[in-house]
Amino acid sequence: MLKIGPITMKNRVVLAPMAGVCNPAFRLIAKEFGTGLVCAEMVSDKAILHGNKRTREMLFVDEREKPLSLQIVGGDRHTLVEAAKVVDEETNADIIDINMGCPVPKVVKCDAGARWLLDPNKIYEMVSAVVDAVSKPVTVKMRIGWDDEHIFAIENAQAVERAGGSAVSVHGRTRVQMYKGKANWDIIRQVKESVDIPVIGNGDVFTPEDASDMLEKTGCDGVMIGRAALGNPWMLYRTINYLEDGVLTPEPSAKEKMEIAILHMDRLIALRGEEVAVREMRKHAAWYLKGLRDSAKLKDLVNRATTRDEMADYLLTFAQELEETVA
Ligand SMILES: Cc1cc2nc3c(=O)[nH]c(=O)nc-3n(C[C@H](O)[C@H](O)[C@H](O)COP(=O)(O)O)c2cc1C
């Protein structure tokens with residue numbers, strides 16, 4: 001069972017935090033597909049303190065999404081602590097997660113995200129300061145190291161534990177790797193063996209069988225799924241079932257996929273309004289369509305859709321035609 005601080009998840013499957021993806025619309029779908037813990041996309045500490053409308057939206061947590069982990073990112077101790085206090089006191093999140101893995105130059109240059117991977121002392125100081133200032137459990141999501149010559153995963157996870165962190169998620173790649181190469185599950189296993197707090201393994205879990213393999217090979221307490229869930233919340237549901245009873249539930253039909261895509265769009269519209277939501281939905285639609293026969297021909301249409309009804313019509317007509325062809 002995955003337990004973080006006082007919070008017990010109903011299973012060991014975790015939706016990874018993903019910027020531009022893990023907003024309430026998608027998180028709620030992931031939750032409805034059974035996910036034990038959903039993570040929100042990262043929010044910068046400075047944005048939280050400026051408190052503009054868009055950021056306040058990013059801090060919104062629907063009761064039905066709980067338990068939920070809300071991730072903050074920052075490089076400066078004062079602003080990180082103050083932002084953590086806002087999340088602690090003013091949001092419905094259950095867990096405060098600190099980003100220690102974001103590899104993009106804009107973030108690393110501000111001494112934030114993956115930059116910390118080079119300095120276990122900084123990790124200890126920053127995590128201690130946040131833990132002391134809040135009452136919600138604090139966790140950290142990290143990569144295994146900066147590059148092949150600087151893999152401090154064990155020291156870094158131990159620093160999180162000493163600082164009072166309640167769990168650590170480990171993406172088995174270095175900062176320099178970005179998303180290339182393979183995630184190193186062996187280092188994740190070494191981290192699990194070197195701390196007593198829960199460890200959540202992450203990286204390259206693309207099938208339910210991968211999730212089972214990762215849990216077995218690393219001994220981790222939870223398995224975090226990112227890219228494989230894009231346009232595919234069934235991956236989460238099928239993984240939960242597979243881990244529970246070893247049965248692989250069938251893949252969804254094209255029609256089921258398109259119906260969930262439309263539900264996703266309607267929830268985005270409720271959050272952002274039709275114009276913004278439909279534009280944002282284009283990338284999700286491409287993910288929902290991925291792997292379906294002849295879906296490439298729909299790409300241009302979907303990318304030009306500007307209204308909800310147009311988008312819904314393209315998706316449903318495609319599913320219907322596909323099912324007729326197969327029949
Ligand atoms: C579109 C996208 C956005 C991401 N945004 C975040 C983020 O906001 N915070 C974070 O810690 N990791 C972020 N990640 C990394 C994922 O959480 C995860 O660590 C990574 O994708 C590896 O897991 P996977 O192999 O299951 O995809 C992002 C990844 C993707 C693909």
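Remember, predicted model here, so these are calculated numbers, not experimental data. Counting starts at 1 for both ligands and their atoms, in listed order.
The protein atom (non-hydrogen) at minimum distance from atom 9 (N) of ligand 1 is Gln71 OE1, 2.7 Å. Looking only at protein heavy atoms, the nearest one to atom 26 (O) of ligand 1 is Gly226 N, 2.9 Å. Of all protein heavy atoms, the one closest to atom 5 (N) of ligand 1 is Ala19 N, 2.8 Å. In terms of protein heavy-atom proximity, atom 18 (C) of ligand 1 is closest to Asn202 OD1, 3.3 Å.
Listed by number with element, the atoms of ligand 1 under 4.0 Å from a non-hydrogen atom of Met18 are 2 (C), 3 (C), 4 (C), 5 (N), 6 (C), 28 (C), 29 (C), 30 (C). Of all the atoms in ligand 1, the ones that sit under 4.0 Å from a non-hydrogen atom of Asn99 are 9 (N), 10 (C), 11 (O). Taking every non-hydrogen atom of Arg227 and a distance limit under 4.0 Å, the qualifying atoms of ligand 1 come out as 21 (O), 24 (P), 25 (O), 26 (O), 27 (O), 31 (C). Near Ala16, with a cut-off below 4.0 Å to any heavy atom, the atoms of ligand 1 are 17 (O). Interface atoms of ligand 1 facing Tyr179, defined by a heavy-atom separation under 4.0 Å, are 14 (N), 15 (C), 20 (C), 21 (O), 28 (C), 29 (C), 30 (C).
When atom types are taken as modelled, the side chain of Asp88 and the backbone of Lys85 share no donor-acceptor pair closer than 3.5 angstrom. Put simply, the side chain of Asn202 gets close to the backbone of Met224: a donor and an acceptor are under 3.5 Å apart.
Side chain to side chain, Glu63 and Asn92 meet the donor-acceptor criterion of an N or O pair below 3.5 Å. When only modelled atom types and interatomic distance are considered, Glu310 and Thr306 share a side-chain donor-acceptor pair under 3.5 Å. Checked by atom type, the side-chain pair Glu256/Ser253 shows a donor-acceptor distance below 3.5 Å.
Considering only heavy atoms from C-beta on, Leu117 stays 4.5 Å or farther from Thr174 through its side chain. Residues Trp116 and Met142 form no side-chain contact, since every pair of their non-hydrogen atoms from C-beta on lies 4.5 Å or further apart.
Using a 4.5 Å cut-off between side-chain heavy atoms of Ile, Leu, Val, Met, Phe, Trp and Tyr, with links allowed through other members, Tyr124 and Phe152 fall into different hydrophobic clusters.
Judged by a 6.0 Å distance limit and a 45° cone about the ring axis, Arg115 is positioned over the six-membered ring of Trp146. For the pair Arg173 and Tyr179, the NZ or CZ position fails the cation-pi test of under 6.0 Å to the six-membered ring centre and within 45 degrees of the ring normal.
Ranked by closest heavy atom to atom 8 (O) of ligand 1, the top entry among Arg143, Lys283, Met224, Met42 is Met42.
Ligand 1 has a nitrogen or oxygen under 3.5 angstrom from a nitrogen or oxygen of Asp204. Where the criterion is an N or O separation shorter than 3.5 Å, residue side chain and backbone included, Lys141 meets it with respect to ligand 1. For ligand 1, the polar-atom distance check against Pro17 finds a nitrogen or oxygen pair separated by under 3.5 Å. For a threshold of 3.5 Å applied to N or O pairs, the pair formed by Ala228 and ligand 1 contains no separation below that value.
Only side-chain heavy atoms of His171 come within less than 4.0 Å of ligand 1; its backbone N, CA, C and O stay farther off.
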